[in-house]
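For reference, the structure is listed below as C-alpha coordinates.
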Amino acid sequence: MAAATWRYRGDPEADQPAVLVRFSNGRLRRPDAMRFTVYRNRDTAHPRKKHRRILVSETERLSYVANNFGSGVPKCNSLCRYFVGVLDKESGQMEVYNAEIFNMQPLLSDNLIPDDTKEYQNKSYREKMDLCIEAFGTSKQKRALNSRRMNAVGNDILNTAVTKAAANIIDAKGISALIQDVAQDDVQNISVFLPPCNEDADKPENVYKFEDILSPAEYEALRVPAAAFVNITPEEITKKTEDKSHCSFVLEELKFLPDDEKRRDHKARCLWFLDTLIKFSCLKVIKKKNPMGPECPHIISRKLMKNFTSLTYNDGSVQNLVSASMKAKITAYVIALALHINNFQTDLTILQNDMKLQESRMMDIAKAMRLKVSKAKGLLGLENDQNHKLGTLSLPLPVQKASGNQRKRRKMN
(Lines give C-alpha, C1' and ligand atoms only; values in the text may rest on other atoms or scores of the structure.)
Protein backbone atom coordinates (compact mmCIF):
# COMPACT_ATOMS: atom_id res chain seq x y z
CA MET A 1 0.00 0.00 0.00
CA ALA A 2 2.90 2.29 0.78
CA ALA A 3 4.46 1.71 -2.66
CA ALA A 4 1.29 2.54 -4.53
CA THR A 5 0.83 5.90 -6.21
CA TRP A 6 -2.62 7.47 -6.04
CA ARG A 7 -4.61 10.05 -7.95
CA TYR A 8 -7.49 12.17 -6.61
CA ARG A 9 -10.69 11.71 -8.66
CA GLY A 10 -13.34 13.46 -6.56
CA ASP A 11 -14.80 16.97 -6.76
CA PRO A 12 -17.21 17.37 -3.82
CA GLU A 13 -19.27 20.00 -5.66
CA ALA A 14 -19.56 18.11 -8.95
CA ASP A 15 -19.35 14.34 -8.56
CA GLN A 16 -21.62 12.15 -6.52
CA PRO A 17 -19.63 10.79 -3.51
CA ALA A 18 -19.24 7.08 -2.92
CA VAL A 19 -21.44 5.43 -0.30
CA LEU A 20 -20.01 3.83 2.83
CA VAL A 21 -22.37 2.02 5.22
CA ARG A 22 -22.19 0.79 8.76
CA PHE A 23 -24.85 -1.02 10.74
CA SER A 24 -25.83 0.23 14.16
CA ASN A 25 -26.82 -3.20 15.53
CA GLY A 26 -23.76 -5.28 14.62
CA ARG A 27 -21.67 -6.69 11.78
CA LEU A 28 -22.90 -8.50 8.68
CA ARG A 29 -22.11 -12.18 8.36
CA ARG A 30 -22.51 -12.18 4.55
CA PRO A 31 -21.84 -8.65 3.25
CA ASP A 32 -21.65 -9.82 -0.36
CA ALA A 33 -25.33 -10.92 -0.24
CA MET A 34 -26.61 -7.42 0.59
CA ARG A 35 -28.20 -5.25 -2.06
CA PHE A 36 -28.72 -1.51 -1.55
CA THR A 37 -31.01 1.03 -3.19
CA VAL A 38 -30.34 4.78 -3.14
CA TYR A 39 -33.12 7.35 -3.50
CA ARG A 40 -32.30 10.99 -4.19
CA ASN A 41 -34.35 14.17 -3.91
CA ARG A 42 -36.03 15.28 -7.14
CA ASP A 43 -35.41 18.95 -6.46
CA THR A 44 -31.99 19.14 -8.11
CA ALA A 45 -32.14 22.93 -8.32
CA HIS A 46 -32.28 23.40 -4.57
CA PRO A 47 -28.75 23.87 -3.19
CA ARG A 48 -29.36 21.71 -0.11
CA LYS A 49 -32.11 19.28 -1.14
CA LYS A 50 -30.22 18.08 -4.24
CA HIS A 51 -27.65 16.32 -1.97
CA ARG A 52 -30.26 14.48 0.12
CA ARG A 53 -30.17 10.69 -0.17
CA ILE A 54 -32.03 7.77 1.39
CA LEU A 55 -30.36 4.37 1.44
CA VAL A 56 -32.42 1.20 2.00
CA SER A 57 -31.57 -2.49 2.17
CA GLU A 58 -33.05 -5.67 3.57
CA THR A 59 -32.03 -9.13 4.72
CA GLU A 60 -34.11 -12.21 5.34
CA ARG A 61 -34.98 -11.00 8.82
CA LEU A 62 -34.80 -7.18 8.89
CA SER A 63 -35.06 -4.10 6.72
CA TYR A 64 -32.60 -1.22 7.10
CA VAL A 65 -32.79 2.45 6.23
CA ALA A 66 -30.44 5.43 6.48
CA ASN A 67 -30.29 9.01 5.19
CA ASN A 68 -27.84 11.88 5.05
CA PHE A 69 -30.19 14.56 6.40
CA GLY A 70 -32.22 15.11 9.54
CA SER A 71 -31.46 14.47 13.20
CA GLY A 72 -30.15 10.91 12.73
CA VAL A 73 -27.20 11.86 10.55
CA PRO A 74 -23.77 11.03 12.06
CA LYS A 75 -21.94 14.17 13.14
CA CYS A 76 -18.72 12.87 11.64
CA ASN A 77 -19.99 13.72 8.12
CA SER A 78 -19.93 17.42 8.95
CA LEU A 79 -16.69 17.40 10.92
CA CYS A 80 -14.43 15.65 8.43
CA ARG A 81 -14.22 14.25 4.88
CA TYR A 82 -14.03 10.60 3.87
CA PHE A 83 -12.40 9.03 0.81
CA VAL A 84 -12.44 5.63 -0.87
CA GLY A 85 -9.34 4.38 -2.61
CA VAL A 86 -9.49 1.90 -5.53
CA LEU A 87 -6.15 0.14 -6.18
CA ASP A 88 -5.21 -1.11 -9.63
CA LYS A 89 -2.93 -4.07 -8.83
CA GLU A 90 -1.40 -4.20 -12.29
CA SER A 91 -0.38 -0.55 -12.56
CA GLY A 92 0.05 -0.03 -8.81
CA GLN A 93 -1.99 3.19 -8.99
CA MET A 94 -4.87 4.08 -6.67
CA GLU A 95 -7.74 6.36 -7.55
CA VAL A 96 -9.34 8.24 -4.61
CA TYR A 97 -13.03 9.18 -4.53
CA ASN A 98 -15.15 11.29 -2.19
CA ALA A 99 -17.20 9.13 0.20
CA GLU A 100 -20.12 9.58 2.56
CA ILE A 101 -20.99 7.39 5.56
CA PHE A 102 -24.57 6.15 6.08
CA ASN A 103 -25.58 4.73 9.45
CA MET A 104 -28.04 1.88 8.73
CA GLN A 105 -30.83 1.55 11.28
CA PRO A 106 -33.11 -1.51 11.49
CA LEU A 107 -36.69 -0.73 10.50
CA LEU A 108 -38.93 -2.67 12.87
CA SER A 109 -42.18 -1.96 11.01
CA ASP A 110 -43.11 -4.30 8.20
CA ASN A 111 -44.40 -1.46 6.01
CA LEU A 112 -42.99 2.00 5.58
CA ILE A 113 -46.42 3.24 4.50
CA PRO A 114 -49.56 1.58 5.89
CA ASP A 115 -51.63 -0.16 3.27
CA ASP A 116 -54.93 1.00 4.80
CA THR A 117 -54.94 4.55 6.23
CA LYS A 118 -58.70 5.03 6.03
CA GLU A 119 -59.21 4.45 9.75
CA TYR A 120 -56.53 7.00 10.63
CA GLN A 121 -57.85 9.57 8.18
CA ASN A 122 -61.31 9.30 9.73
CA LYS A 123 -59.99 10.28 13.16
CA SER A 124 -60.50 13.84 14.42
CA TYR A 125 -57.66 16.29 14.98
CA ARG A 126 -57.93 15.74 18.75
CA GLU A 127 -57.64 11.95 18.32
CA LYS A 128 -54.59 12.31 16.07
CA MET A 129 -52.93 14.61 18.61
CA ASP A 130 -53.67 12.06 21.36
CA LEU A 131 -51.90 9.39 19.33
CA CYS A 132 -48.87 11.66 18.96
CA ILE A 133 -48.84 12.32 22.71
CA GLU A 134 -49.03 8.59 23.43
CA ALA A 135 -46.02 7.94 21.19
CA PHE A 136 -43.83 11.00 21.68
CA GLY A 137 -45.34 13.08 24.49
CA THR A 138 -43.65 14.02 27.75
CA SER A 139 -44.66 12.46 31.05
CA LYS A 140 -46.66 15.55 31.94
CA GLN A 141 -48.56 15.45 28.64
CA LYS A 142 -49.33 11.75 29.07
CA ARG A 143 -50.66 12.31 32.60
CA ALA A 144 -52.89 15.12 31.32
CA LEU A 145 -54.14 12.87 28.51
CA ASN A 146 -55.00 10.06 30.93
CA SER A 147 -56.74 12.51 33.27
CA ARG A 148 -58.83 13.94 30.42
CA ARG A 149 -59.85 10.48 29.27
CA MET A 150 -60.87 9.49 32.79
CA ASN A 151 -62.95 12.66 33.08
CA ALA A 152 -64.60 11.91 29.75
CA VAL A 153 -65.54 8.46 30.97
CA GLY A 154 -66.92 9.97 34.18
CA ASN A 155 -68.95 12.52 32.21
CA ASP A 156 -70.39 9.80 29.98
CA ILE A 157 -71.47 7.79 33.01
CA LEU A 158 -72.97 10.91 34.64
CA ASN A 159 -74.82 11.92 31.46
CA THR A 160 -76.25 8.43 31.12
CA ALA A 161 -77.43 8.46 34.74
CA VAL A 162 -78.96 11.95 34.39
CA THR A 163 -80.73 11.00 31.15
CA LYS A 164 -82.15 7.88 32.75
CA ALA A 165 -83.29 9.80 35.85
CA ALA A 166 -84.89 12.53 33.71
CA ALA A 167 -86.75 9.93 31.67
CA ASN A 168 -88.08 8.32 34.86
CA ILE A 169 -89.27 11.71 36.17
CA ILE A 170 -90.98 12.57 32.87
CA ASP A 171 -92.73 9.19 32.86
CA ALA A 172 -93.87 9.68 36.45
CA LYS A 173 -95.05 13.35 36.36
CA GLY A 174 -95.64 14.20 32.74
CA ILE A 175 -94.30 17.12 30.68
CA SER A 176 -97.07 19.59 31.53
CA ALA A 177 -96.58 19.15 35.28
CA LEU A 178 -92.82 19.63 34.90
CA ILE A 179 -93.31 22.88 32.95
CA GLN A 180 -95.51 24.22 35.74
CA ASP A 181 -92.87 23.28 38.32
CA VAL A 182 -90.14 25.09 36.33
CA ALA A 183 -92.33 28.18 36.01
CA GLN A 184 -93.02 28.16 39.74
CA ASP A 185 -89.30 27.73 40.51
CA ASP A 186 -88.50 30.72 38.29
CA VAL A 187 -90.88 32.93 40.28
CA GLN A 188 -89.56 31.59 43.57
CA ASN A 189 -85.94 32.24 42.56
CA ILE A 190 -86.71 35.92 41.95
CA SER A 191 -88.88 36.07 45.10
CA VAL A 192 -85.85 35.24 47.24
CA PHE A 193 -84.44 38.71 46.46
CA LEU A 194 -87.65 40.72 46.95
CA PRO A 195 -88.37 42.93 49.96
CA PRO A 196 -90.59 41.25 52.58
CA CYS A 197 -94.13 41.11 51.17
CA ASN A 198 -97.23 41.29 53.38
CA GLU A 199 -99.92 39.61 51.31
CA ASP A 200 -102.57 40.27 53.97
CA ALA A 201 -102.02 44.05 53.92
CA ASP A 202 -105.09 46.26 54.01
CA LYS A 203 -103.38 49.20 52.27
CA PRO A 204 -100.79 49.34 49.43
CA GLU A 205 -98.22 51.05 51.69
CA ASN A 206 -98.28 48.01 53.99
CA VAL A 207 -97.48 45.46 51.25
CA TYR A 208 -93.83 46.52 51.14
CA LYS A 209 -93.37 48.40 54.36
CA PHE A 210 -91.10 51.43 54.31
CA GLU A 211 -89.35 50.20 57.47
CA ASP A 212 -88.23 47.07 55.58
CA ILE A 213 -86.53 49.27 52.98
CA LEU A 214 -85.00 51.82 55.35
CA SER A 215 -84.74 51.33 59.10
CA PRO A 216 -85.36 54.37 61.37
CA ALA A 217 -81.61 54.70 62.03
CA GLU A 218 -80.78 54.55 58.31
CA TYR A 219 -83.54 57.04 57.52
CA GLU A 220 -82.17 59.45 60.12
CA ALA A 221 -78.64 59.12 58.69
CA LEU A 222 -79.92 60.34 55.30
CA ARG A 223 -80.86 63.77 56.67
CA VAL A 224 -77.42 65.31 56.10
CA PRO A 225 -76.63 64.08 52.54
CA ALA A 226 -80.25 64.66 51.40
CA ALA A 227 -80.12 68.33 52.47
CA ALA A 228 -78.67 69.18 49.05
CA PHE A 229 -81.90 67.91 47.46
CA VAL A 230 -84.14 69.71 49.96
CA ASN A 231 -82.71 73.12 49.07
CA ILE A 232 -82.13 72.51 45.37
CA THR A 233 -83.07 75.26 42.88
CA PRO A 234 -84.43 74.89 39.31
CA GLU A 235 -81.10 76.17 37.97
CA GLU A 236 -79.22 73.46 39.87
CA ILE A 237 -81.63 70.81 38.56
CA THR A 238 -80.97 72.00 35.00
CA LYS A 239 -77.21 71.85 35.55
CA LYS A 240 -77.41 68.37 37.10
CA THR A 241 -79.49 67.25 34.13
CA GLU A 242 -76.84 68.50 31.71
CA ASP A 243 -74.06 66.88 33.77
CA LYS A 244 -76.06 63.64 34.21
CA SER A 245 -74.78 63.51 37.77
CA HIS A 246 -77.94 61.68 38.90
CA CYS A 247 -80.26 59.12 37.34
CA SER A 248 -83.17 60.25 35.15
CA PHE A 249 -85.81 59.14 37.66
CA VAL A 250 -84.33 61.29 40.44
CA LEU A 251 -83.81 64.34 38.18
CA GLU A 252 -87.43 64.14 37.04
CA GLU A 253 -88.79 63.81 40.60
CA LEU A 254 -86.67 66.69 41.89
CA LYS A 255 -88.80 69.00 39.72
CA PHE A 256 -91.86 68.07 41.76
CA LEU A 257 -90.70 68.31 45.38
CA PRO A 258 -93.58 69.20 47.76
CA ASP A 259 -93.73 72.64 49.32
CA ASP A 260 -94.47 71.21 52.75
CA GLU A 261 -91.19 71.08 54.64
CA LYS A 262 -91.69 67.64 56.22
CA ARG A 263 -92.91 65.97 53.02
CA ARG A 264 -90.16 67.70 51.03
CA ASP A 265 -87.48 66.39 53.40
CA HIS A 266 -88.97 62.86 53.29
CA LYS A 267 -89.01 62.73 49.48
CA ALA A 268 -85.48 64.16 49.29
CA ARG A 269 -84.15 61.41 51.57
CA CYS A 270 -85.91 58.70 49.54
CA LEU A 271 -84.59 60.12 46.25
CA TRP A 272 -81.03 60.34 47.57
CA PHE A 273 -81.08 56.69 48.72
CA LEU A 274 -82.71 55.54 45.46
CA ASP A 275 -80.04 57.34 43.44
CA THR A 276 -77.34 55.69 45.59
CA LEU A 277 -78.87 52.25 45.04
CA ILE A 278 -78.91 52.69 41.26
CA LYS A 279 -75.30 53.92 41.19
CA PHE A 280 -74.26 51.01 43.41
CA SER A 281 -75.94 48.50 41.06
CA CYS A 282 -73.65 49.63 38.22
CA LEU A 283 -70.53 48.53 40.12
CA LYS A 284 -68.98 45.10 39.58
CA VAL A 285 -66.26 44.34 42.13
CA ILE A 286 -66.21 46.49 45.28
CA LYS A 287 -62.57 47.32 46.00
CA LYS A 288 -62.98 50.36 48.27
CA LYS A 289 -64.16 50.36 51.85
CA ASN A 290 -66.58 53.19 51.11
CA PRO A 291 -67.39 52.81 47.40
CA MET A 292 -70.05 55.55 47.32
CA GLY A 293 -67.74 58.29 48.56
CA PRO A 294 -67.21 60.08 51.86
CA GLU A 295 -70.61 61.85 51.72
CA CYS A 296 -72.39 58.49 52.08
CA PRO A 297 -73.15 57.77 55.77
CA HIS A 298 -71.35 54.82 57.29
CA ILE A 299 -74.57 53.01 58.18
CA ILE A 300 -75.74 53.26 54.54
CA SER A 301 -72.40 51.97 53.21
CA ARG A 302 -72.58 49.04 55.60
CA LYS A 303 -76.15 48.32 54.49
CA LEU A 304 -75.11 48.28 50.83
CA MET A 305 -72.15 45.97 51.43
CA LYS A 306 -74.07 43.60 53.69
CA ASN A 307 -77.41 43.34 51.87
CA PHE A 308 -76.58 43.94 48.20
CA THR A 309 -73.25 42.19 47.55
CA SER A 310 -72.10 38.59 47.51
CA LEU A 311 -68.71 37.38 48.68
CA THR A 312 -66.29 35.83 46.19
CA TYR A 313 -62.76 34.45 46.50
CA ASN A 314 -60.28 35.74 43.92
CA ASP A 315 -56.47 35.94 43.80
CA GLY A 316 -56.13 34.82 47.39
CA SER A 317 -58.51 37.40 48.87
CA VAL A 318 -62.21 37.74 49.59
CA GLN A 319 -64.02 40.38 47.52
CA ASN A 320 -67.51 41.85 47.46
CA LEU A 321 -69.23 41.39 44.12
CA VAL A 322 -72.45 42.90 42.73
CA SER A 323 -73.60 39.74 40.98
CA ALA A 324 -76.59 39.36 38.64
CA SER A 325 -78.74 38.08 41.49
CA MET A 326 -77.71 41.01 43.70
CA LYS A 327 -78.58 43.43 40.89
CA ALA A 328 -82.03 41.83 40.72
CA LYS A 329 -82.38 42.39 44.46
CA ILE A 330 -81.34 46.04 44.15
CA THR A 331 -83.88 46.46 41.32
CA ALA A 332 -86.66 45.09 43.53
CA TYR A 333 -85.79 47.52 46.35
CA VAL A 334 -85.57 50.41 43.88
CA ILE A 335 -89.05 49.60 42.56
CA ALA A 336 -90.46 49.34 46.10
CA LEU A 337 -88.94 52.69 47.06
CA ALA A 338 -90.16 54.31 43.83
CA LEU A 339 -93.70 53.08 44.63
CA HIS A 340 -93.57 54.80 48.02
CA ILE A 341 -92.31 58.01 46.34
CA ASN A 342 -94.96 58.06 43.58
CA ASN A 343 -98.08 56.96 45.49
CA PHE A 344 -97.63 53.30 44.45
CA GLN A 345 -97.58 53.86 40.71
CA THR A 346 -94.23 54.33 38.95
CA ASP A 347 -92.69 54.36 35.50
CA LEU A 348 -90.79 51.10 35.15
CA THR A 349 -89.20 52.06 31.83
CA ILE A 350 -87.30 55.01 33.31
CA LEU A 351 -86.00 52.80 36.13
CA GLN A 352 -85.08 50.11 33.61
CA ASN A 353 -83.02 52.57 31.56
CA ASP A 354 -81.32 53.97 34.66
CA MET A 355 -80.31 50.48 35.79
CA LYS A 356 -79.33 49.36 32.27
CA LEU A 357 -81.61 46.32 32.31
CA GLN A 358 -83.46 44.50 29.56
CA GLU A 359 -87.21 45.07 29.52
CA SER A 360 -87.97 41.37 29.96
CA ARG A 361 -85.86 41.26 33.14
CA MET A 362 -87.57 44.36 34.52
CA MET A 363 -91.01 42.94 33.76
CA ASP A 364 -90.17 39.63 35.45
CA ILE A 365 -89.14 41.41 38.65
CA ALA A 366 -92.20 43.71 38.56
CA LYS A 367 -94.58 40.79 38.09
CA ALA A 368 -92.85 38.84 40.85
CA MET A 369 -93.56 41.84 43.10
CA ARG A 370 -97.27 41.46 42.19
CA LEU A 371 -97.51 44.73 40.25
CA LYS A 372 -100.04 45.36 37.51
CA VAL A 373 -98.11 46.40 34.39
CA SER A 374 -99.74 48.65 31.80
CA LYS A 375 -98.68 51.02 29.03
CA ALA A 376 -98.09 54.59 30.13
CA LYS A 377 -100.20 56.75 27.79
CA GLY A 378 -100.90 60.42 28.11
CA LEU A 379 -98.43 61.09 30.93
CA LEU A 380 -96.80 64.49 30.89
CA GLY A 381 -93.03 64.82 30.67
CA LEU A 382 -92.42 61.45 29.04
CA GLU A 383 -90.83 60.96 25.66
CA ASN A 384 -92.33 58.20 23.54
CA ASP A 385 -94.85 57.62 26.30
CA GLN A 386 -96.49 54.83 24.30
CA ASN A 387 -93.34 52.75 24.91
CA HIS A 388 -93.27 53.29 28.67
CA LYS A 389 -94.56 50.69 31.13
CA LEU A 390 -96.33 51.65 34.34
CA GLY A 391 -96.18 49.46 37.43
CA THR A 392 -99.06 49.80 39.89
CA LEU A 393 -99.35 48.24 43.34
CA SER A 394 -103.00 47.76 44.21
CA LEU A 395 -105.15 45.46 46.32
CA PRO A 396 -106.06 42.68 46.06
CA LEU A 397 -102.66 41.47 44.87
CA PRO A 398 -102.74 39.54 41.57
CA VAL A 399 -101.88 35.85 41.55
CA GLN A 400 -98.28 35.08 40.60
CA LYS A 401 -97.85 33.85 37.02
CA ALA A 402 -94.96 32.36 35.07
CA SER A 403 -92.68 34.80 33.29
CA GLY A 404 -93.03 35.46 29.56
CA ASN A 405 -90.00 33.28 28.81
CA GLN A 406 -91.61 30.31 30.54
CA ARG A 407 -94.87 30.75 28.61
CA LYS A 408 -92.95 30.72 25.33
CA ARG A 409 -91.17 27.54 26.39
CA ARG A 410 -94.54 25.88 27.09
CA LYS A 411 -95.80 26.72 23.58
CA MET A 412 -92.67 25.26 22.00
CA ASN A 413 -93.19 21.98 23.83
For Ser301, side-chain hydrogen bond (donor to acceptor under 3.5 Å, both in side chains) partners two or more places apart:
Asn290
Non-hydrogen atoms of Ala368 and Leu194 that approach each other most closely:
O-CD1, 3.4 Å
Flag if over 12 foreign heavy atoms under 6.0 Å of NZ, Lys209
no
Leu271 vs Asp275 side-chain heavy atoms within contact, under 4.5 Å:
no
To check you understand the geometry: which heavy-atom pair defines the closest contact between Pro291 and Leu283, and what is its length?
CB-CD1, 4.1 Å
Val207 versus Arg370: any side-chain heavy-atom pair under 4.5 Å?
no
Between Cys197 and Leu397, is there a side-chain heavy-atom distance shorter than 4.5 Å?
yes
Please confirm whether the backbone N or O of Leu321 pairs with a side-chain atom of Thr309, one donor and one acceptor, at under 3.5 Å?
no
Shortest non-hydrogen pair, Glu253 vs Ile341, comes out as OE1-CG2, 4.3 Å
Can you tell me which residue pairs pass the salt bridge (Lys or Arg N to Asp or Glu O under 4.0 Å) test with a partner in residues 228-238, sequence neighbours excluded?
none
Lys128 atom NZ, neighbour heavy-atom count above 12 within 6.0 Å
yes
Students often mix this up, so state it plainly: with edges at 30° and 60°, are the rings of Phe36 and Phe23 parallel, tilted or perpendicular?
tilted
Nearest heavy-atom pair of Met355 and Ser281: which atoms, and what distance?
CE-OG, 3.5 Å
Are the side chains of Thr346 and Phe249 in touch, meaning some heavy atoms are under 4.5 Å apart?
yes
Pair Arg53 + Glu100: basic N to acidic O under 4.0 Å
no
What closest approach, in Å, do Ile350 and Asp347 show between heavy atoms, and which atom pair accounts for it?
N-OD1, 3.1 Å
Note: Pro196 and Tyr208 closest approach over all heavy atoms is O-CD2, 3.5 Å
Can you sort out the partners of Leu131 under side-chain contact (heavy atoms from CB on, under 4.5 Å), two or more places apart, ordered by chain and number?
Tyr120, Lys123, Glu134
Do Lys389 and Glu359 touch side chain to side chain, with heavy atoms closer than 4.5 Å?
yes
Note, Leu304 side chain near Thr276 side chain (heavy atom, < 4.5 Å)
yes
Under 3.5 Å, is there a donor on one side chain and an acceptor on the other for Asn67 and Arg52?
no
Counterpart residues, side-chain contact (heavy atoms from CB on, under 4.5 Å), relative to Phe210 (two or more places apart):
Leu214, Tyr219, His266, Cys270, Leu337, His340
Heavy-atom neighbours of Glu127 CD exceed 12 at 6.0 Å:
yes
Lys267 side chain vs Phe256 backbone, donor-acceptor pair below 3.5 Å:
yes
Do the side chains of Arg148 and Arg126 get nearer than 4.5 Å, heavy atoms only?
yes
Just to verify, what does Ala226 make a side-chain contact (heavy atoms from CB on, under 4.5 Å) with, not counting sequence neighbours?
Ala268, Arg269, Trp272
Taking the side chain as every heavy atom from C-beta outward, state whether Leu357 and Lys327 have any atom pair closer than 4.5 Å.
yes
Tell me, please, which residues at least two apart from Ser139 pass side-chain contact (heavy atoms from CB on, under 4.5 Å).
Arg143
